[in-house]
Every structure is written in structure tokens, then in C-alpha cells.
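One structure below.
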Amino acid sequence: MFKHLRKWFIAHFFGHSRQRARLVSKDGRCNIEFGNVEAQSRFIFFVDIWTTVLDLKWRYKMTIFITTFLGSWFLFGLLWYAVAYIHKDLPEFHPSVNHTPCVENINGLTSAFLFSLETQVTIGYGFRCVTEQCGTAIFLLISQSIIGVIINSFMCGAILAKISRPKKRAKTITFSKNAVISKRGGKLCLLIRVANLRKSLLIGSHIYGKLLKTTVTPEGETIILDQTNINFVVDAGNENLFFISPLTIYHVIDQNSPFFHMAAETLLQQDFELVVFLDGTVESTSATCQVRTSYVPEEVLWGYRFAPIVSKTKEGKYRVDFHNFSKTVEVETPHCALCLYNEKDARARLKRGYDNPNFILSEVNETDDTKM
């Protein structure tokens, strides 16, 4: 009882008093900003205009979408008005009855704007049309038609690409709220649960992790966000996962693990961030996507395991209960990895007879008991 109260007190009071900075949020967004970027470097974003438009937020994208179309219609409307003005087709010039205008029924700027809109979006109401009287109008018609197709292709393609980005597929991949540390297969492991909320698979899935922490080199250099590889596996490996049901991935805490020298009592005093990545190819679109999440020391539970989540119904179907997806159960766990391995070594030595002070080797004279 006292153990539970102590953990609750530490998590709710010390945890809230010291907010840890996270590089990656729980939903995978990166918390980083770039400062003092030169103007020349910012121009590179306009060179790669396609990626820049795709990365924009929806409100900016829709603003560009509406502004581009309205601007092009109005610009070409001014040009059509200029053609009518130069050719003296407007009513204020009082054209004769036999006068053939460049564009029929353009009476002012408003009608020129409407004709521009009809031309670019290929509506063609039939009331206003270009005549063969002047080549300038024919050239302008061809130019607006070509530019209109380019604008339509770019903007509609950007909207479609924004909707169908693999980033949205990543929203249906979820990780457990906490990571746990407990024994698995006789080894101390760090375990995380991940689930695919869709029935469609991720092909060629690969999962791995990075431990981010501040380190000081022997030369005295302080490295912020120093990265250490964390290998995660399931029972069948860490590549080409059969990701149809929730999986529990684990990292073995051995001598090569950065968690080896941590203990249950000192875990909350550590300053690190564990970032977990899942890469895969979307089955329906063949596009690659990446899912990310992170865990800070307060989100790593020592001495717990995940509750069962998959069961089999009477009808022979497999049922996944997501109510227990992040639920944990307390289990007996060594308070440090070093203790577990020392205990194993002691048992092995005792089994082989090493370090046994009561073991004395004495010589025995053999006698032949077969003599009569």
C-alpha cells in the first residue's frame, strides 16, 4: 500500500512540478524550431514549391487555393477588358451596327470578369464568345486556357495529395500510453504495445527506437539530444511484422543497453526521452509512412506488464479488447538489471560447485573387495 502511495505522490507532485521538454510528442509531432535562418536559405522553400504547399496547414492552403483562382480570373478579366477597350468594343465608344467586336457582349469590367471565369473553368454559357475579328483575343483565349489547366492541375493535385498523405494513415497506428519494464523469457525487458486500428496491413513493417539524452564526452563537450540506438524486437524479429493484431515489442536490457545501469529507485531521476519509430508501406496505396511516439521516465513503469488483450470467441473468431490496451498489471520484477544478472551468475556458480567452502577434495585409497 505504501509503495502505491509513494509512486502516486511522485508522479502527481514531482512530475507536475518539473515538466520535461519533449522532442517528440505522444502523437508524433516534433517539437523543434529553427532560428536565424538566412534569407537565401528560406528561398529554397519556394524552389521546392510542391513540398512547401503540401506541408502548409489547411487554412493557408485554402487561402492560396481561393486567392489563386480569384486572382487569375480577375487578371485575365482585366486583359479581356483591355482588348475590348483597345478594339473599341465598349458601349461608350458607340460602335456602329456593322462593327464586329473581338468578344461578343462585353460591356464593362464585370462582364469581362465573367467571360474570364467562363473561359478558364470551361463553363461556356454561350452568351459571350470570341470572334475571328482580332488575333489578340484568340491568343489570349489560348493562353488563359493553358494557364487555367496548369492552375487546376497544381491546386487540385495539392488538395488530393494533402488528403491522401501517408501521414493520415499513421493516425490509425497507436502506441500504449506507458512503457513497462518486467521479466520476459528470463530476461529483464522494456516492453511497449502497438496496435493497428485498421484491418489493412502495413507491408514490410520495421520498428526501432532512439534514446535521447544529454551526455558529456571525455573531452568535456556537452551534447544535447545525443542519440543511442534501441533495438526492439518481437518473437519473430523486428522486420516484416505480421501487423494484424496488437503486438508487444520489447527491448532486452543487457550489458549493451543504456538502461542496464538504471534501477527502479533511480528511474524517475533520469533525464532521457525514448522515441519509438514504426516504418511501413500502406497496403492500399503502396506509400511509405512512419509513426512516432515518445516516452519520458514518468511514463516508464518498472515492475509491470501489459494485461492480455486478445481472446478467442465461441464462434472461433479472435477478439481484441482495446479497453485493456494500455492497462498494466504489477508483477514481481528485480529492481535493477545488474541484480538479475548477478543472481543468475551466482546460481550458475553454485550449481557448478564454484565458491563452495565446504567442498574439500581428499584422496581415497581404493581396495579390491573382490578378493576372497
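Any value given below was found using the heavy atoms of this structure, including those in side chains, with hydrogens, waters and symmetry copies removed. Residue indices begin at 1 and follow the sequence shown.
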Surrounding [atom1] of [X] (heavy atoms of other residues, nucleotides or ligands, distance under 6.0 Å), is the total greater than 12?
X: F322; atom1: CZ; value: yes
X: Y85; atom1: OH; value: no
X: E332; atom1: CD; value: no
X: K327; atom1: NZ; value: no
X: E132; atom1: CD; value: no
X: F139; atom1: CZ; value: no
X: K88; atom1: NZ; value: no

Quick one: does [X]'s side chain get under 4.5 Å of [Y]'s, heavy atoms only?
X: L278; Y: V194; result: yes
X: I192; Y: I207; result: no
X: T222; Y: T214; result: yes
X: T333; Y: L188; result: yes
X: I163; Y: I159; result: yes
X: V300; Y: I181; result: yes
X: E273; Y: Y295; result: no
X: F65; Y: V53; result: no

Which heavy atom in [X] sits nearest to a heavy atom in [Y], and how many Å separate them?
X: A158; Y: L54; result: O-CD2, 3.7 Å
X: P246; Y: I309; result: CG-CD1, 4.1 Å
X: L109; Y: G77; result: CD1-O, 4.4 Å
X: L56; Y: K162; result: O-NZ, 2.6 Å
X: P91; Y: P95; result: O-CD, 4.2 Å

Item checked: side-chain contact (heavy atoms from CB on, under 4.5 Å) evaluation trace for C156 with L160 -> CA-CA 6 Å; C156 294; L160 180 60; over 6 Å; no

Under 3.5 Å, is there a donor-acceptor pair between the [X] and [Y] side chains?
X: D279; Y: Y208; answer: yes
X: D89; Y: H87; answer: yes
X: H251; Y: N231; answer: no
X: S72; Y: Q120; answer: yes
X: S294; Y: R22; answer: yes
X: E265; Y: W302; answer: no

Item checked: Criterion side-chain contact (heavy atoms from CB on, under 4.5 Å) on V291 and F175, from CA distance to verdict -> CA-CA 9 Å; V291 193; F175 288 88; 3.7 Å; yes

Distance, nearest 0.5 Å, that separates [atom1] of [X] from [atom2] of [Y]:
X: N178; Y: L301; atom1: CG; atom2: CG; answer: 4.5 Å
X: L79; Y: L141; atom1: CG; atom2: CG; answer: 12.5 Å
X: S182; Y: Y250; atom1: OG; atom2: OH; answer: 12.0 Å
X: I146; Y: I151; atom1: CD1; atom2: CD1; answer: 12.5 Å
X: I138; Y: Q133; atom1: CD1; atom2: CD; answer: 10.0 Å
X: S311; Y: K317; atom1: OG; atom2: NZ; answer: 13.0 Å

same_hphob_cluster([X], [Y]) at 4.5 Å side-chain heavy-atom cutoff:
X: I49; Y: F69; result: yes
X: V121; Y: I106; result: yes
X: I223; Y: L211; result: no
X: L70; Y: L117; result: yes
X: L247; Y: V310; result: no

Strictly under 6.0 Å, is that where the ring centroids of [X] and [Y] end up?
X: H94; Y: H99; answer: no
X: F259; Y: F272; answer: yes
X: W50; Y: F154; answer: yes
X: F115; Y: F76; answer: no

Any sub-3.5 Å donor-acceptor pair from [X]'s side-chain atoms to [Y]'s backbone N or O?
X: T293; Y: K26; value: yes
X: R128; Y: N105; value: yes
X: K61; Y: D55; value: no
X: T266; Y: M262; value: no
X: T131; Y: P101; value: yes
X: D254; Y: S257; value: yes
X: K210; Y: L274; value: no
X: S116; Y: A112; value: no
X: S176; Y: R193; value: yes

Margin query: Which residues pass the side-chain hydrogen bond (donor to acceptor under 3.5 Å, both in side chains) test with T51, not counting sequence neighbours?
Written below: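 Here the qualifying residues are D48.
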
Checklist line | Evaluation steps, ring pair (Phe, Tyr, Trp, His ring centres under 6.0 Å), between Y81 and F113 | finding: CA-CA 8 Å; Y81 180 80; F113 174 80; over 10 Å; no

Check: Is E299 salt-bridged to K177, cutoff N-O under 4.0 Å?
Finding: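 Looking at E299 and K177, the cut-off is not met.
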
Next item on the list: Would you sort out whether T281 and L202 count as a side-chain contact (heavy atoms from CB on, under 4.5 Å), showing the intermediate values?
Entry: CA-CA 5 Å; T281 303; L202 284 181; over 6 Å; no

Next item on the list: Apply side-chain contact (heavy atoms from CB on, under 4.5 Å) to L268 and E298, showing your working.
Entry: CA-CA 6 Å; L268 295 178; E298 289 81 6; 4.2 Å; yes

